[in-house]
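To start, the structure under review is shown below, and the notes come after it.
Nothing fancy with the numbering, it's 1 onward along the sequence. In listed order, ligands and their atoms are each counted from 1.
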Amino acid sequence: MCGIVGYIGTDHAKEKIIDGLKRLEYRGYDSAGIALPINGSIEIRKAVGEIKNLESKISEAEFDSSVGIGHTRWATHGKPTEANAHPHGNMEQNIAIVHNGIIENYQEIREWLATEYGIKFKSETDSEVIAHLIGLYYDGDLLAAVNKAVAEMKGAYAVAAIAAEEPDKIVAVRKDAPLVAGIGKGFNFIASDIPAVLKYVQDVYLIENNETVVLTKDNIVIYDENGNTVKRDVYPVEWKADAADKADYDHFMLKEIHEQPKVIRETLMNRLNEDGSIRLDDISMTKEDIENFNKIYIVACGTAYHAGLVGKMVIERMAKIPVEIDVASEFRYRDTFIDDNTLFIAISQSGETLDTLEALRDAKSRGARILSVVNAVGSSIARESDDVFYTLAGPEIAVASTKAYTTQLICMYLIGLYMGSTRGTMDKEYYDRVLDELKALPGKVEKILYSEEKIKDMAKRYHFNDHVFFIGRGLDSGVSYEGSLKLKEISYIHSFAIAAGELKHGTIALMDSETLVVALATQDILYDKMVSNIEEIRARDAHVIGLAKEGRTEVEKVSNEAIYIPECIDEVAPVLAVIPLQIFAYYVALERGCSIDKPKNLAKSVTVE
Ligand code: AGP
């Protein structure tokens with residue numbers, strides 16, 4: 001996934017674009033570039049690596065303009081090199097473009113342009129064909145040239161283009177990749193995501209699929225695929241400008257870990273009425289729909305999938321409906337049994353993960369009702385769902401997901417409670433008990449955050465381990481997968497999660513004095529079995545960090561050391577158990593000198609299959 005930004009106004013475009021790119025670096029950060037119309041042609045500057053490398057190449061005052069476009073890249077076609085970085089220009093250097101997405105038929109277009117028009121390509125990318133196509137059709141009308149160019153393209157794209165002969169406008173187009181227009185006074189922005197423009201605007205237009213946008217400094221016009229202008233409601237952004245800043249934290253990840261009490265509370269309370277009933281006035285799923293569902297699929301990727309592992313058990317327990325769960329990249333190639341009594345729940349922080357989006361489309365084509373749990377407002381997955389449960393986590397910038405995960409869990413509980421109470425499969429007393437426990441979570445998360453120093457010390461002692469296992473049973477099993485992913489994706493340690501009961505079926509062969517095991521034992525009904533598992537592991541000289549509810553001191557007796565979470569009912573323990581694992585991963589990565597917010601090879605949302 002890449003990030004695009006465009007600015008048009010009366011101020012320094014260079015400064016605004018660089019600032020916007022820095023806020024989009026989480027979308028991809030292996031190279032970056034900027035294009036400005038200067039003295040009748042387009043000047044393009046690019047750099048490999050972080051945005052600051054680009055800044056050092058554009059410092060002279062002459063390189064500036066009141067309009068321009070910029071790009072930060074996560075390489076899909078072609079290595080992270082300067083030649084492959086965006087923006088890309090045509091041969092005459094009077095057109096420049098930035099692109100997020102994939103042009104599936106780029107090879108065919110590339111061959112045609114080279115053969116028929118002698119176009120010489122400078123990069124290995126799919127995106128470069130867009131610049132040459134627009135250049136080919138350009139005759140003084142950039143909008144017309146962009147429309148002709150996209151008519152030749154297949155795939156997913158959010159493109160912004162400028163022309164040297166029309167320095168008073170930016171033309172952008174969207175298909176299956178996010179695009180927003182930031183509404184200013186005397187200036188306007190185009191960008192992949194709201195954080196890029198949050199510092200300058202509070203209102204945006206969410207651009208829909210197959211729409212084209214023309215921005216001048218005083219106007220934004222949106223056209224549908226037939227060239228008709230579209231009246232779009234302004235979307236007021238509720239996030240504050242600092243929401244996409246690190247504030248006084250060293251990393252976005254640490255800030256976002258600490259935001260969890262607040263965003264858990266907001267996600268929960270946003271859905272509760274005074275009487276404790278769940279408010280779903282924006283959800284069109286009817287009582288009859290819910291009574292008729294006979295199967296639920298939860299489909300997602302990565303951390304969102306791990307939230308689904310908890311969601312499966314919670315919804316089955318509360319709503320008494322069978323819940324299947326699958327990673328999106330596998331779901332599409334199974335023989336699924338979907339009909340119009342199937343509920344398909346897609347979970348996605350970005351709402352742009354292509355694996356999840358394609359799985360959603362597959363399920364929809366088979367008649368399933370689509371409910372998505374999404375953080376990014378107006379994202380592709382949200383738009384293509386029948387109903388959306390928004391996690392009110394605010395912008396999650398760190399690649400390693402934390403607050404999105406815990407707010408996704410809150411949505412799982414809300415869905416379970418709502419469906420259980422609607423279907424009469426849970427009594428009022430249990431409903432009220434779970435709700436009270438959910439309301440108490442922010443304070444309990446806060447309490448865990450107070451023990452951050454203890455976990456930091458622990459991380460200092462274990463940061464050298466090259467193999468770490470995470471184990472648990474029941475709900476703890478799903479959380480152990482999330483704890484393992486957190487550690488591996490930011491510290492590059494080989495971590496591995498496995499259901500504790502499975503250890504004896506082979507994996508325990510790996511246990512020795514070099515092994516560290518994080519054993520989750522928060523489920524009262526499985527506590528004794530977990531204590532036995534820990535004893536088995538210690539008997540093989542492995543090192544164990546036990547994690548249990550306060551007062552369960554047996555775990556500390558059998559482990560090398562223990563982490564405790566506040567008392568709670570088993571069902572909501574995952575929201576608390578994951579917090580120490582997030583903190584542990586963060587400080588281990590810090591000790592190992594890793595980049596934390598932008599881990600190698602990763603991007604915040606994977607918009608390729
Ligand atoms: C989690 O820390 C990773 N960043 C990654 O696994 C992520 O959860 C996955 O790519 C799904 O992203 P989504 O929630 O935006 O769909």
Side-chain angles (χ1 to χ4, degrees), residues 1 3 24-29 74 100 176-178 192-193 195 251-254 256-257 260 298-311 325-331 345-361 372-385 388-391 393-409 411-412 470 478-479 481-493 495 497 578 581-586 589 594-609:
M1 176 182 76
L24 289 183
E25 262 194 308
Y26 67 92
R27 298 175 64 85
Y29 33 84
W74 182 66
N100 174 33
D176 292 341
S192 298
D193 204 350
H251 298 97
F252 278 109
M253 184 179 177
L254 191 58
E256 289 156 8
I257 288 172
Q260 290 182 109
I298 297 178
V299 175
C301 301
T303 288
Y305 168 73
H306 299 153
L309 289 172
V310 172
I325 180 157
D326 214 339
V327 289
S329 54
E330 290 296 304
F331 170 81
I345 301 176
I347 307 174
S348 176
Q349 186 286 128
S350 65
E352 298 300 339
T353 299
L354 193 54
D355 284 331
T356 308
L357 180 59
E358 291 297 348
L360 178 158
R361 288 170 174 163
S372 59
V373 175
V374 173
N375 195 41
V377 173
S379 54
S380 302
I381 288 173
R383 291 160 193 269
E384 297 193 25
S385 299
V388 185
F389 250 80
Y390 279 114
T391 50
E396 186 177 71
I397 307 298
V399 166
S401 189
T402 51
K403 61 177 183 173
Y405 173 76
T406 45
T407 50
Q408 286 161 358
L409 293 184
C411 289
M412 294 292 107
F470 290 78
V479 181
Y481 281 87
E482 176 55 14
S484 174
L485 177 61
K486 283 295 85 63
L487 185 65
K488 83 175 62 155
E489 69 176 331
I490 63 171
S491 71
Y492 315 140
I493 285 174
S495 72
V578 76
L581 307 184
Q582 295 168 346
I583 298 169
F584 182 75
Y586 173 80
C594 299
S595 78
I596 297 192
D597 284 338
K598 296 179 284 194
K600 66 179 179 181
N601 307 337
L602 300 186
K604 184 58 185 171
S605 169
V606 183
T607 51
V608 293
E609 288 182 274

(Q) Quick check against the 3.5 Å criterion: does N375 have a side-chain atom that pairs as donor or acceptor with the backbone of P395? (A) no
Q. Within the distance-only criterion (no hydrogens, no angle test), does the side chain of S192 pair as donor or acceptor with the backbone N or O of G3 below 3.5 angstrom?
A. no
**Q.** side-chain contact (heavy atoms from CB on, under 4.5 Å) against V377, all qualifying residues, sequence neighbours excluded
**A.** L206, Y235, Y390
Heavy-atom distance under 4.5 Å between the side chains of [X] and [Y], does that happen here?
{"X": "M412", "Y": "V310", "answer": "no"}
{"X": "T402", "Y": "E396", "answer": "yes"}
{"X": "D193", "Y": "P178", "answer": "no"}

Q: List, ordered by chain and residue number, the protein residues whose closest non-hydrogen atom lies under 4.0 Å from any atom of ligand 1.
A: C301, G302, T303, A304, S348, Q349, S350, T353, V399, A400, S401, L485, K486, E489
